[in-house]
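Please read all numbers here as calculations on a predicted model, not as lab measurements.
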Amino acid sequence: MGLFLEWRNPCSRIISFGLFVMMVLLTTSAVEARVRHYKWEVKYQFQSPDCFRKLVIAINGKTPGPTIIAQQGDTIVVELKNSLLTENVAIHWHGIRQIGTPWSDGTEGVTQCPITPGETFFYKFVVDRPGSYLYHAHYGMQREAGLYGSIRVAVPDGVLEPFTYDYDRTIILNDWYHKSTYEQATGLSSKPFVWVGEPQSLLIHGRGRFNCSSPTIGSSDTCNTTSPDCDPYVLTVVPGKTVRIRLSSLSSLSALNFEIEGHNLTVVEADGHFVEPFVVKNINVYSGETYSVLVKADQDPSRNYWAASNVISRRPTTPTGLAILNYYPNHPSKTPSSAPPTGPLWNDSDYRLAQSLKIKAHPSHIVAPPETTDRVIILLNTQNEVDGFRRWSVNNVSFNLPHTPYLIALKKKLKHKVFDQTPPPDTYDYKNYDINIVQPNPNATVSNGIYRLKFNSTVDIVLQNANTMNPNNSETHPWHLHGHDFWVLGHGKGKFDPIEDPKKYNLVNPIMKNTVPVHFMGWTALRFVADNPGVWAFHCHIEAHFYMGMGIVLEEGIERVGKLPTKIMGCGETKSLIRP
């Protein structure tokens, strides 16, 4: 972030931004860069994050897993042993662009074969930008079983951030289900359709509190409020000091709102990019987003305060998630005497839209987007049926992952064997489609075809929301792009007008992000440069929605990708590529 520059050749064509950042790193940071090794074992174990005992997927016995702490330009090596015994695994490094290492993106079916039980796999990549990032499972629906954690990348020595603070802490928000991911996936794939329902609890950095007196609990052995696993998360502050909270969400379904009782939050970073600071009472965080907020401990120091997570955008049936802001030297277990914050109205879509529109690039750290685009792709987000099965679709096409990863299939020229060669549509019939009604014909098709992008071209993607198969219902979808950051050019209500709405785009100081929501019955426009050779997923970050087909895959510059490591092979048609 401290090194964001714009570099143009004499013809004023923007040079590949990712390539430029890597060149800067090689020329200015090579001496300081370190190789940081992590040795992880992934396995199931019984834990009680919300007091209810269930199987979770842990890393070295913990969920959330260990925090990766590094500095811009460092190389990260994660030695990952899969000890799940009967289940594959893959881990995605969310927000890390994997410049030059697309095979380390960790997306099963797109960039690698899954890591089989008993196997040890090495992920190796450079963290090319400072900021707040995440990692999480990208195989099936394992993320919601607890396989996730955070990545914290510091600016280089001698580089100053445009804000100051005394302490640096990380908080991951999440929702939590008691049913296993297998039960949920089976219901989603069944006829009749069985929805996952609302989560049982909200977790703040891996801790929550379920009502163990609920009649749904069978025995006291199953749910125990005295378990130390579900003690509330405590953030201790010193009166008068300022804490930087790296706040993120890896919820599987819920959009969440975070608030600290009696304290303002100053937003200064979003998805690894400096923000023009703005102050809020509470902040909306959608699955896959990361923020940094500054909180000053300027309230009555004789007491502690609630930190609260609440569901928004869906009618909430899940209790508020709670943590404690502990003013030193009060005891951390001293419960606040006040009522916890309840957050904004869950269905106030104008409030959520207004907050999204506030997020702009810091004046001293603006990366100007290209003024024009080479290609526009409009993606209609809809709920559909395919042969009687409930699905999510994009432009009436529901996505399925192939058995052979795209990166290997394209690089090894296996593509005709393994995925549909017909590309998905670039748009939909926007002139005649009514986004406000349940469609009379809900049927869609299934495909694993991909979008082929011209290398170094500028691409606009417009996400268009619409009514689901339930009347007067439109869900908020957080979309995450692998391998890239994009400029958020605009959000709007209703149906996107491809003639008029681009005239209103913010080309002056748009924020760059890797995850962005498309709001209730609205649209979101983003722009990026296809300058990172590889194959990249772009999908809704709600676990059930992606599982049900809400995603696409983008290819760019595959001929520029280096030699693929054999460790990413071994599934589908790639079995023939491995020599004994």
Side-chain angles (χ1 to χ4, degrees), residues 173 175 248-249 251 253-258 267 270-271 275 278 280 282-291 310-316 343-360 377-383 392-395 428 430 433-438 460-481 486-498 500-502 504-506 510-527 538-542 544-546 550-551:
L173 307 177
D175 48 15
S248 61
S249 170
S251 60
L253 174 67
S254 311
L256 299 173
N257 177 274
F258 180 79
V267 183
D271 289 2
V275 168
F278 64 95
V280 293
N282 50 60
I283 184 170
N284 306 316
V285 190
Y286 304 92
S287 181
E289 288 191 311
T290 63
Y291 291 96
N310 285 286
V311 173
I312 51 174
S313 187
R314 302 178 66 86
R315 184 181 295 278
L345 292 173
W346 71 270
N347 58 352
D348 190 347
S349 57
D350 288 342
Y351 175 78
R352 299 195 302 274
L353 176 62
Q355 195 164 101
S356 289
L357 291 169
K358 283 183 181 179
I359 306 171
K360 297 179 173 63
I377 301 173
I378 303 176
L379 301 178
L380 176 69
N381 295 201
T382 56
Q383 195 178 54
W392 282 96
S393 304
V394 177
N395 291 349
Y428 71 105
Y430 58 84
Y433 190 97
D434 188 347
I435 66 169
N436 299 298
I437 65 170
V438 176
D460 283 8
I461 294 182
V462 179
L463 299 165
Q464 175 66 64
N465 216 337
N467 205 96
T468 67
M469 292 181 66
N470 300 313
N472 303 311
N473 177 257
S474 173
E475 299 194 16
T476 301
H477 301 287
W479 278 78
H480 171 58
L481 178 60
F486 49 73
W487 291 274
V488 182
L489 301 184
H491 298 270
K493 296 181 181 181
K495 189 190 296 186
F496 176 78
D497 185 327
E500 295 301 321
D501 285 324
K504 307 169 193 173
Y505 283 171
N506 176 15
I511 189 63
M512 296 189 80
K513 296 182 95 269
N514 60 63
T515 305
V516 70
V518 54
H519 291 288
F520 174 87
M521 294 293 191
W523 57 266
T524 298
L526 54 95
R527 177 171 293 175
F538 182 46
H539 61 92
C540 179
H541 215 256
I542 294 174
H545 290 184
F546 184 43
M550 198 171 198

Quiz prompt | All salt bridge (Lys or Arg N to Asp or Glu O under 4.0 Å) counterparts of Arg352, not counting sequence neighbours | solution = none

Exercise. Report yes or no: does Thr524 contribute a side-chain atom to a donor-acceptor pair with the main-chain N or O of Pro517 at less than 3.5 Å?
Key: yes

Quiz item: Are any side-chain N or O atoms of Glu289 and backbone N or O atoms of Lys513, one a donor and one an acceptor, separated by less than 3.5 Å?
Solution: no

Self-check item: side-chain contact (heavy atoms from CB on, under 4.5 Å) evaluation trace for Ile359 with Tyr291
Solution: CA-CA 11 Å; Ile359 306 171; Tyr291 291 96; 3.4 Å; yes

Self-check item: Residue pair Asn465, Phe520: steps toward the side-chain contact (heavy atoms from CB on, under 4.5 Å) verdict
Solution: CA-CA 7 Å; Asn465 216 337; Phe520 174 87; 5.7 Å; no

Quiz item: Is the NZ atom of Lys358 crowded by more than 12 outside heavy atoms at less than 6.0 Å?
Solution: yes

Exercise. Using side chain to side chain contact (heavy atoms under 4.5 Å, CB included) as the criterion, list what pairs up with Ser287, not counting sequence neighbours.
Key: Arg143, Ser249, Ser251, Pro478, His541

Quiz item: Within the distance-only criterion (no hydrogens, no angle test), does the side chain of Asn395 pair as donor or acceptor with the backbone N or O of Leu380 below 3.5 angstrom?
Solution: yes

Exercise. Could you tell me whether the side chain of Leu256 reaches within less than 4.5 Å of the side chain of Val311, counting heavy atoms only?
Key: yes

Practice problem: Run through Tyr433, Tyr430, Phe496 and flag the one making a side-chain contact (heavy atoms from CB on, under 4.5 Å) with Gln464. | Solution: Phe496

Quiz item: Hey, is the main chain of Asn514 close enough, under 3.5 Å, to the side chain of His480 for a donor-acceptor pair?
Solution: yes

Exercise. Output all residues satisfying side chain to side chain contact (heavy atoms under 4.5 Å, CB included) with Lys504, sequence neighbours left out; order by chain, then residue number.
Key: Asp501

Quiz item: When you look at CG of Asn470, are more than 12 heavy atoms from neighbouring residues, nucleotides or ligands closer to it than 6.0 Å?
Solution: yes

Quiz item: So Phe486 and Ile461, side-chain contact (heavy atoms from CB on, under 4.5 Å) or not? Walk me through it.
Solution: CA-CA 10 Å; Phe486 49 73; Ile461 294 182; over 6 Å; no

Quiz item: Just wondering, do Thr468 and Trp392 contact through their side chains at under 4.5 Å, heavy atoms?
Solution: yes

Practice problem: Please check if the side chain of Asp175 supplies one atom and the backbone of Ser254 the other of a donor-acceptor pair under 3.5 Å. | Solution: yes

Quiz item: Are Trp479 and Asn381 close enough that some pair of their side-chain heavy atoms sits under 4.5 Å apart?
Solution: yes

Quiz item: Quick one: does Asn467's side chain have a donor or acceptor within less than 3.5 Å of a partner on Asn472's backbone?
Solution: yes

Exercise. Any chance you could lay out the side-chain contact (heavy atoms from CB on, under 4.5 Å) test for Leu379 and Phe538, step after step, and finish with the verdict?
Key: CA-CA 11 Å; Leu379 301 178; Phe538 182 46; 4.0 Å; yes

Self-check item: Residue pair Asp350 / Asp348, side-chain heavy-atom distance below 4.5 Å
Solution: yes

Quiz prompt | Side-chain touch Leu353/Lys493, heavy atoms, less than 4.5 angstrom | solution = yes

Self-check item: Side-chain donor-acceptor contact under 3.5 Å, Thr290 with Asp271
Solution: yes

Quiz item: Taking Glu475 as the fixed residue, which of Gln383, His519, His545 is the one that meets the side chain to side chain donor-acceptor pair (under 3.5 Å) rule?
Solution: His545

Quiz item: If you take all heavy atoms of Tyr351 and Asn284, which pair is closest and at what distance?
Solution: CE2-ND2, 3.8 Å

Quiz item: Under 4.0 Å between a Lys/Arg side-chain N and an Asp/Glu carboxylate O for Asp434 and Lys495?
Solution: no

Self-check item: Close side-chain approach of Met550 and Ile542, heavy atoms under 4.5 Å
Solution: no

Self-check item: Close side-chain approach of Asn310 to Pro316, heavy-atom, < 4.5 Å
Solution: no

